[in-house]
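Take a look at the structure set out below.
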Amino acid sequence: MNKYDAIIIGAGHNGLTNAAYLAKAGLNVVVLEKNDYIGGAAVSRELQEGWLYSSCSYVCSMMRQAIHRDLDLGRHGLILVPYLGTVNFGDGDERLFSYHDEEAAHHELKRHSPHDADAMHRFQTDLTRYSQLIRKTLMRTPPDPASFRPRDIMEFLYLAKQFWTLGEKELYEYVRFFTMSAAEYLEDYFENDLIKAAMASPGIIGTALGVYSPGSSYVLLHHVMGDVDGSIGAWGLARGGMGAISDAIAGAVAEHGGEIRTNAGVQKVLVKNGKAIGVVLENGDEITARIVVSNLDAKRTFTRIMDKSDLPEGIYERAKNFKIRGSSGKVNIALSGMPKFTGVPENRYLARGGQGFSGSLETMERAYDCWKRGAWSDDPFVESVIPSAWDPTVAPAGKHWMSNFVQYCPPELSSGPWTPEKRDAFGKSVIDKIERYSPGFRDLIVHMEVRTPHEIENEVGLTEGNIFQGELTIDQLFFNRPFPGYGQYRMPVKNLYMCGSSTHPGGGVSSVCGANAAREILIDLRRTNTVPVDDFYDE
Amino acid sequence: MTTTDPYAGERLKLSPFYPRQEVLNIREAWSAWNGYKFAEYYYDAEYEYFCVRNQCATYDITPMQKYEIRGRDAEVMLNRMVTRDVTKIGIDKVAYCVWCTDEGRMIDDGTIFKLADDRFMLTCGSPCTAWLAKSAFGFDDVTITDVTDDLAALSLQGPTSCAVLKNMGLHGIDTAKPFNIMHFPFHGESLMVSRTGFTGDLGYELWIPPELGLKLWDELYAAGEDYGIQPYGEAATNMARLEAAFIMPAMEFNEALRTVNFEHDQTPFELSLGWLVDFDKPHFSGRSALLKEKQRGPKYTLTKLDIEGNRPAEGSYIYGNKQCTKEIGYVTSAMWSPAVKANIALAMIMTDQLDNKMWAEIYYEKELRQYSRIAACTRKKKPFWAPSRARATPPPDC
């Protein structure tokens, strides 16, 4: 007799979401977390007294409002707030201000290029159209293209119907879009270098692709298809940092009677007669359950915590070759005051947005070249946010913390393994870049946390530090995610499921992977579904 | 050469805070309230709403009508006028009140500040001079003065509001309980601070002679600089008050003295404000009508609804069946609540239909085309937004 119906490995936000929905259906669940804190990559950590870093993920847009609402995360303490303008910094003195107000934003674009100011309308319209379509697939299980089951056929019909609403011309464009590079896609709209760089930057965040690599246009779309309260493409901050999201979901898990254990790293998934029956913890304890759900990435699940001999033919190899390349770094900085940037007016609303040190497409591509060579760039692309400008709970009054996401940072260096010295040198490259635009920035630094793929992998457990739990390229998306034939959350070993970002719809703090997996599990266990259908703004 | 402005008679009055507001109203989004030029919003309504929920923000309540009621008979006079027992209000305490016609229809709502045994301040949304005069008829020692223009007032609302006031030097403000009043010396005058507001969140209202208005603004904004202080306007107020399920004139209720059509005004019972009507106290305006109403039960009841989907049910009818043939009520205010993540509304529902299932017929526009959807409604018993910090003394993080 099992004490538990389900074991969920990893208390990241998707694991917690999965647990919440299974517990809500009346199942007895336990979430096992290797660290002494929960949240995985959606975490707030006080590494310097008074400062609360969102150590990994730092902004939120993908979180499905239907889940937020259904699990009543507001009551569990979560509040998500959209942030305002952004400043993009050119290679030289050029600055592009993305004002919150539509008129002001247009006027600002016009200052750079009247052509691009007009083109922006068409660009936003096209992207919104693509987003609307892809958003409809998020909270649905991808159909299996090789299956003739009525459910899969019906799902294909649903998709065909949705896609057909685009009209013939746009349908061709859409299919083409998926295989394009972000730079080439933008070429069709814009002429100004800084505008192109600013618009292209979501196309490289988190991915081992360059702005000119085919497939980066989808990564761009992946970053703009979320919303905050129905405003598509908007990004928000969680009050109390990203850990507030995990904590709220953990609140929902507890409310429905689920259990969460920290310091409980899983060493191995137990398989008997081709069925997952439980896990062995790092301390040797065995826990059994009807089903096992892995929130770890696909590579880690099948090559680290499973025995090759327990897997059907070919799965180990697939997992080993799963594309999950580390490409990003993160530098979290505690500041004694608000940094000032040259060429940026002291507009308090602009300071409540983000900074994009994007430079130009050329600069971004050169940074990618460094990554390919196994080095970090002296001139990296950095996306920064100063959450404390908005959130009074993450830094002492008058002090600030700045999140700096760095593209690119290689998982392995050509010069040999990562060392603390090399990590600090990487951190310095980021500070140097910011200092270029904010003289005196260095003097404001109180504390700093530098995270290369090495730290992200070892602390969070994301293979190579890949933030998406696997590249978002078309060969690893939708029914191909994580592997062809396993796109419906059920894994090659019976009673084993996956619920992390290695599954559809991929990376981002969305809770969708966890919720979708729960829906499939509840079908298999013949329980009433507890996962809501998506709630659209009647797009 | 200076000329007289021929349109002077039609121009709006300016609040004592206007010189600062003018600079901060980047969007030039002005409307009017009781003859004052008044911000609809300053930068962005939703941003300002989030400042109220997340940091702190100020709302100019100078245009709110303020009356000083003095004299030995001030208390009995007020007690005769409003439905709540005024004798139960302690000194330096505030009470929310409503007052009604003899027919029990609501004239307005407001707050009574008891400043001394013979000195009160009454605030309300609309001018009330004539009704106050009528209510004072027959009382010997009561003087009513309209002090609206003699008292500048600023509401400071949001989770960091207490920290800001403390930072401004208002020692002990963290000991003020909800509806308490405290007085602080301020440049030779007295700054009155009440722990009141219209947002359902932690917040205070600051009352000062108009000459010191700008000084107050500047000191408050200097103290609030690191706490995200921001002015907010009517639009954000309306969002916050709806989440707190507070009623608004011309939305939830039609002032009785301005209601042409029979019973198109409301009783406190219809507005779910029965708790404000005290039948144990001496006679008051509308008592017998309200007693009858209480025994019979109100025809309509203001109800909090959580509606499926996310299109605000603005102006929707509420039906007792999904086919939308059996009308049982109408929505008075509706919005998507970003903090609660729910599609919320206040609605007047026929009292005998309250336990039925309800559907709202929601109309909306998408790129010039009209759409509609029928959405199931769930009745909520508690306000949509009621954080514990709004009631805690001392407030958290202060």
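Everything quoted here is computed from the prediction, not taken from an experiment. Hydrogens, waters and symmetry mates play no part in the numbers below; they use all other heavy atoms, side chains included.
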| note | Looking only at A:Gly74, A:Pro396, A:Pro392, the option with the highest number of non-hydrogen pairs under 4.5 Å against chain B is A:Pro392
Quick check: are there more than 12 heavy atoms from other residues, nucleotides or ligands sitting under 6.0 Å from [atom1] of [X]?
X        : atom1 : result
B:Gln370 : CD    : yes
A:Glu102 : CD    : no
A:Glu46  : CD    : yes
A:Tyr174 : OH    : yes
B:Lys37  : NZ    : yes
A:Tyr83  : OH    : yes
B:Tyr363 : OH    : no

Could you give the distance from [atom1] ([X]) to [atom2] ([Y]), rounded to the nearest 0.5 Å?
X        : Y        : atom1 : atom2 : result
A:Arg75  : B:Lys341 : CZ    : NZ    : 15.5 Å
A:Asn347 : B:Ile26  : CG    : CD1   : 6.5 Å
A:Asp229 : B:Asn310 : CG    : CG    : 9.5 Å
A:Glu103 : B:Arg27  : CD    : CZ    : 10.0 Å
B:Asp226 : A:His400 : CG    : NE2   : 6.5 Å
A:Arg348 : B:Leu24  : CZ    : CG    : 7.0 Å

| Please walk me through it: do A:Tyr349 and B:Asp44 pass side-chain contact (heavy atoms from CB on, under 4.5 Å)? | CA-CA 10 Å; A:Tyr349 303 108; B:Asp44 177 74; over 6 Å; no
Do you know which of [options] has the most heavy-atom pairs under 4.5 Å to chain A?
options                               : value
B:Tyr227, B:Tyr47, B:Trp385           : B:Tyr47
B:Ala163, B:Ala339, B:Gly309, B:Cys51 : B:Gly309
B:Asn167, B:Thr160, B:Asn54           : B:Asn54

| request: Give, as side chain, backbone, both or neither, the part of B:Asp306 having an atom under 4.5 angstrom from any heavy atom of chain A. | output: side chain
| Where on B:Gln230 is there a heavy atom nearer than 4.5 Å to chain A: the side chain, the backbone, both, or neither? | both
| query | So do A:Arg239 and B:Phe50 actually touch side chain to side chain, heavy atoms under 4.5 Å? | reply | no
| Heavy atoms, side chains only, cut-off 4.5 Å: are B:Tyr43 and A:Leu84 in contact? | yes
| said: On a heavy-atom basis, which atom in B:Ala342 and which in A:Arg69 lie closest, and how many Å separate them? | reply: CA-NE, 3.9 Å
With a cut-off of 3.5 Å and sequence neighbours excluded, list every side-chain donor-acceptor pair involving residues 389-398 of chain B.
{"from": "B:Arg389", "atom 1": "NE", "to": "B:Asp201", "atom 2": "OD1", "distance (Å)": "2.7"}
{"from": "B:Arg389", "atom 1": "NH2", "to": "B:Arg53", "atom 2": "O", "distance (Å)": "3.0"}
{"from": "B:Arg389", "atom 1": "NH2", "to": "B:Asp201", "atom 2": "OD1", "distance (Å)": "3.3"}
{"from": "B:Arg389", "atom 1": "NH2", "to": "B:Asp201", "atom 2": "OD2", "distance (Å)": "3.0"}
{"from": "B:Thr393", "atom 1": "OG1", "to": "B:Arg195", "atom 2": "NH1", "distance (Å)": "3.1"}

| Is there a donor-acceptor pair closer than 3.5 Å between any side-chain N or O of B:Gln55 and the backbone N or O of A:Trp390? | yes
| query | Relative to chain B, which segment of A:Asp101 carries a heavy atom at a distance below 4.5 Å: side chain, backbone, both, or neither? | reply | both
| said: Which atoms of A:Ala66 are under 4.5 Å from chain B, going by heavy atoms: the side chain, the backbone, both sets, or neither? | reply: neither
